[in-house]
Amino acid sequence: MPCETVIPMTNLAAQYAADQVQIMAAVERVLESGWYILGREVAAFEQEFAAYCGAAQCIGVASGTDAVALALKSCGVQAGDEVITVSHTAVATVAAIEQIGAVPVFVDIDPISRCLNPELISVLVSEKTKAIVPVHIYGQPAPMREILAVADSFGLSVVEDCAQAHGAEIDGQKVGTFGSAGAFSFYPTKNLGALGDGGAVICNSSQIAEQCHWLRQYGWKERYISQIPGLNSRLDELQAAILRVRLCKLDADNARRRMIARTFDEAICGRRIVTPALVSGTLHAMHLYVVETDARDELEQHLTLNGITSGRHYPLPVHLQPAYQARIRGGDKLPVTENLYRRILSLPLYPELTDEQVARIVDALADFSARSDRKTA
Ligand SMILES: *Cc1c(COP(=O)(O)O)cnc(C)c1O
């Protein structure tokens with residue numbers, strides 16, 4: 001076998017190199033300004049990201065986890081209130097709910113979209129339920145209209161976890177603008193990534209925005225005067241300036257992600273690998289390209305032998321992790337979640353993959369598909 005370099009799951013150095021000149025200029029601008037926290041860059045980014053999403057308001061915060069937590073709190077969710085969400089997500093979704101003292105409740109997912117199944121919400125609603133947090137997992141929009149219909153019938157708030165879905169759409173409308181608020185992460189590997197931690201809440205309500213503004217900085221309504229008890233969750237100027245550079249390329253980056261995903265789809269022809277579903281009316285952000293197969297170990301091994309890294313997102317759903325095991329309501333009735341996590345495998349998918357690397361992954365997938373077809377024929 002030729003000695004080729006291993007294709008990693010992410011390549012942040014290549015991402016930086018692609019925008020190096022503009023990023024360095026942005027960084028210098030901030031360093032020379034003498035203003036490093038919540039200043040002009042954050043305000044400009046908030047305005048630009050709100051406009052990009054089609055939202056009236058954007059509030060930069062310190063992380064995606066904080067964005068979910070502050071959005072929920074700003075919607076009136078208090079300690080002891082229940083929040084319905086999925087177990088098939090990054091643990092951060094659940095950590096955010098518990099961060100404000102609220103109580104997560106797990107609902108199962110739909111096997112096609114892999115997002116929250118709206119038909120299963122109502123049986124979980126109790127008198128303590130205050131909100132729903134759907135997750136647009138892997139960049140696939142959750143069925144927001146159906147979720148909102150159930151939420152409205154019970155008077156629940158909806159905070160969308162958009163950490164994996166910057167730029168994803170349902171019928172031409174960006175995710176994050178369907179519910180009461182949308183929460184984004186700018187962790188470096190996300191579709192819109194900073195060079196450190198960062199996050200944002202978007203919303204259309206000036207009341208929710210005001211609460212987020214107060215909460216992110218000690219509850220201050222004016223400097224040094226706390227209107228409500230708050231915390232420190234600020235986006236810094238350096239990250240905001242870098243995000244402004246990256247935001248200009250988000251649509252092109254997402255388009256390349258979708259293009260690469262299509263070539264992967266076409267390479268997989270066998271019956272043993274299930275490709276991500278195309279859900280009509282939705283524009284997928286392709287944060288992660290996740291296939292399903294009963295032969296996961298075999299596929300993983302085959303890719304490794306061909307110098308291709310793969311991942312598991314996630315190796316365990318939240319309700320089976322030690323910190324959460326057997327203590328979250330709903331966790332005993334998640335058959336779709338429990339069937340899915342053993343079968344998923346994420347392939348490398350990011351805009352900086354070279355055509356040569358894409359071709360190597362395509363070859364490996366086609367090879368595996370053909371072989372497993374022969375086996376099962
Ligand atoms: C990354 C992620 C988060 C958390 O974002 P951080 O910025 O790391 O706090 C929340 N939810 C989901 C689904 C994520 O993928």
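These figures come from a predicted structure and were not determined experimentally.
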Apply side-chain contact (heavy atoms from CB on, under 4.5 Å) to Ile97 and Leu72, showing your working.
CA-CA 8 Å; Ile97 293 167; Leu72 284 169; 3.8 Å; yes

Using the side chain to side chain donor-acceptor pair (under 3.5 Å) rule, take Gln239 and Asp197 through it: C-alpha gap first, then chi angles, then the decisive distance, then the call.
CA-CA 8 Å; Gln239 300 308 334; Asp197 276 311; over 6 Å; no

Tell me, with the steps shown, if Met286 and Ile260 meet side-chain contact (heavy atoms from CB on, under 4.5 Å).
CA-CA 9 Å; Met286 278 301 162; Ile260 295 169; over 6 Å; no

Asp253/Asn191 under side chain to side chain donor-acceptor pair (under 3.5 Å): CA gap, chis, key distance, verdict:
CA-CA 8 Å; Asp253 281 351; Asn191 288 35; over 6 Å; no

Quick one, Glu146 with Val150, criterion side-chain contact (heavy atoms from CB on, under 4.5 Å). Give me CA distance, side-chain angles, the key distance, then yes/no.
CA-CA 7 Å; Glu146 292 81 352; Val150 181; 5.9 Å; no

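When side chains are defined from C-beta on, Arg312 counts as touching Arg296, because their heavy atoms get closer than 4.5 Å. In this structure, Ile37 and Asp236 have side chains that are in contact, with non-hydrogen atoms separated by less than 4.5 Å. Side-chain atoms of Tyr16 and Met24, non-hydrogen and from C-beta on, do get closer than 4.5 Å to each other. Annotation: side chain of Asp66 is in contact with side chain of Gln99 (closest heavy-atom distance under 4.5 Å). Residues Leu148 and Val158 form a side-chain contact, since some pair of their non-hydrogen atoms from C-beta on lies under 4.5 Å apart. Annotation: side chain of Tyr324 is in contact with side chain of Val94 (closest heavy-atom distance under 4.5 Å). When side chains are defined from C-beta on, Leu231 does not count as touching Tyr218, because their heavy atoms never get closer than 4.5 Å. Residues Ile208 and Cys75 meet the side-chain proximity criterion, which asks for heavy atoms closer than 4.5 Å.
Seen from the ring of Tyr52, Lys174 counts as a face-on cation partner, given the 6.0 Å and 45° thresholds.
For residues 100-123, the salt bridge (charged side-chain N to carboxylate O under 4.0 Å, His left out) pairs, not counting sequence neighbours, are Arg114-Glu292. Here ring-ring contact (aromatic ring centres under 6.0 Å, His included) pairs that include residues 124-163, with residues two or more places apart or in two chains, are His88-Tyr138. Every pair passing salt bridge (charged side-chain N to carboxylate O under 4.0 Å, His left out) that includes a residue from residues 314-331 is listed here, sequence neighbours excluded: Glu82-Arg329, Glu98-Arg327. Sorted by first and then second residue, the side chain to side chain donor-acceptor pair (under 3.5 Å) pairs involving residues 258-270 (not counting sequence neighbours) are Asp265-Tyr289. Counting only residues at least two apart or in different chains, side chain to side chain donor-acceptor pair (under 3.5 Å) contacts with residues 68-81 comprise Asp81-Lys130. Residue pairs meeting the ring-ring contact (aromatic ring centres under 6.0 Å, His included) criterion with at least one member in residues 329-354, sequence neighbours excluded, do not occur.
Across Ala131 and Val77, no two heavy atoms sit closer than the pair CB-CG2, 3.8 Å. Summarising the geometry of Ala277 relative to Gln140, their closest heavy-atom pair is O-OE1, 4.1 Å, with the distance given to 0.1 Å. Of all the heavy atoms in Arg360 and Gly307, the pair that sits closest is NH2-O, 3.3 Å. The heavy-atom pair separating Phe184 from Val175 by the smallest distance is CZ-O, 3.8 Å. In plain terms, the two heavy atoms of Pro141 and Gly139 that are nearest each other are CD-O, 3.3 Å. A pairwise comparison of heavy atoms in Cys212 and Leu70 identifies SG-O, 4.0 Å as the closest pair.
Placement of Leu243 and Leu250 within a single hydrophobic cluster is found when ILVMFWY residues are connected by side-chain heavy-atom separations under 4.5 Å, directly or transitively. Grouping the Ile, Leu, Val, Met, Phe, Trp and Tyr side chains by contacts below 4.5 angstrom, directly or via other members, places Val27 apart from Val21. Under the 4.5 Å side-chain heavy-atom criterion for grouping Ile, Leu, Val, Met, Phe, Trp and Tyr, Ile147 is connected to Phe178 within one hydrophobic cluster. Note: the hydrophobic cluster containing Leu124 does not contain Leu334 (ILVMFWY, side chain heavy atoms under 4.5 Å, direct or indirect links).
How far NZ of Lys249 is from CD of Gln15: 8.0 Å, rounded to the nearest 0.5 Å. Once rounded to the nearest 0.5 Å, the distance linking OG of Ser206 with CD of Gln211 reads 11.0 Å. Considering OG1 of Thr129 and CD1 of Ile84, their distance stands at 4.5 Å, rounded to 0.5 Å. Note that CG of Leu156 and CD1 of Ile132 are 5.0 Å apart. Values are rounded to the nearest 0.5 Å. Rounding to the nearest 0.5 Å places CZ of Arg234 at 15.5 Å from OH of Tyr36. In this structure, CD1 on Ile109 lies 8.5 Å from CD1 on Ile137, to the nearest 0.5 angstrom.
At least one donor-acceptor pair closer than 3.5 Å links the side chain of His213 to the backbone N or O of Ala209. No donor-acceptor pair closer than 3.5 Å links the side chain of Tyr314 to the backbone N or O of Thr89. Gln57 places no side-chain N or O within donor-acceptor distance of the main-chain N or O of Ala50, the cut-off being under 3.5 Å. Side-chain atoms of Thr309 come within 3.5 Å of backbone atoms of Ile7 as a donor-acceptor pair (strictly under, hydrogens ignored). Between the side chain of Thr282 and the main chain of Ile170, no donor-acceptor pair closer than 3.5 Å is present. Between the side chain of Ser310 and the main chain of Leu345, no donor-acceptor pair closer than 3.5 Å is present. Checking side-chain atoms of Ser369 against main-chain N and O of Ile268 turns up no donor-acceptor pair under 3.5 Å. Judged by distance alone, with hydrogens and angles left aside, the side-chain atoms of Glu237 form a donor-acceptor pair with the main-chain N or O of Gly39 at under 3.5 Å. Of the possible donor and acceptor atoms, none in the side chain of Ser185 sits under 3.5 Å from a partner among the backbone N and O of Ser63. Side chain of Arg246 to backbone of Leu192: no donor-acceptor contact under 3.5 angstrom is found.
Other residues, nucleotides and ligands contribute more than 12 heavy atoms inside 6.0 Å of the CG atom of Leu12. Shown here is Phe264, whose CZ atom has more than 12 heavy atoms of other residues, nucleotides or ligands within 6.0 Å. Atom CD of Gln47 has 12 or fewer neighbouring heavy atoms from other residues, nucleotides or ligands inside a 6.0 Å radius. The neighbour count for Arg29 CZ, taken as heavy atoms of other residues, nucleotides or ligands under 6.0 Å away, is above 12. Annotation for Gln301: atom CD does not count as buried by contact number, only 12 or fewer foreign heavy atoms lying within 6.0 Å. Surrounding CD of Gln321 are more than 12 heavy atoms belonging to other residues, nucleotides or ligands, all under 6.0 Å away.
Under the 4.0 Å criterion applied to side-chain N and carboxylate O atoms, Asp367 and Arg371 are assigned as salt-bridge partners. Arg244 and Asp19 are not joined by a salt bridge, as no carboxylate oxygen comes within less than 4.0 angstrom of a charged side-chain nitrogen.
Phe186 has its ring centre less than 6.0 Å from the ring centre of Phe49.
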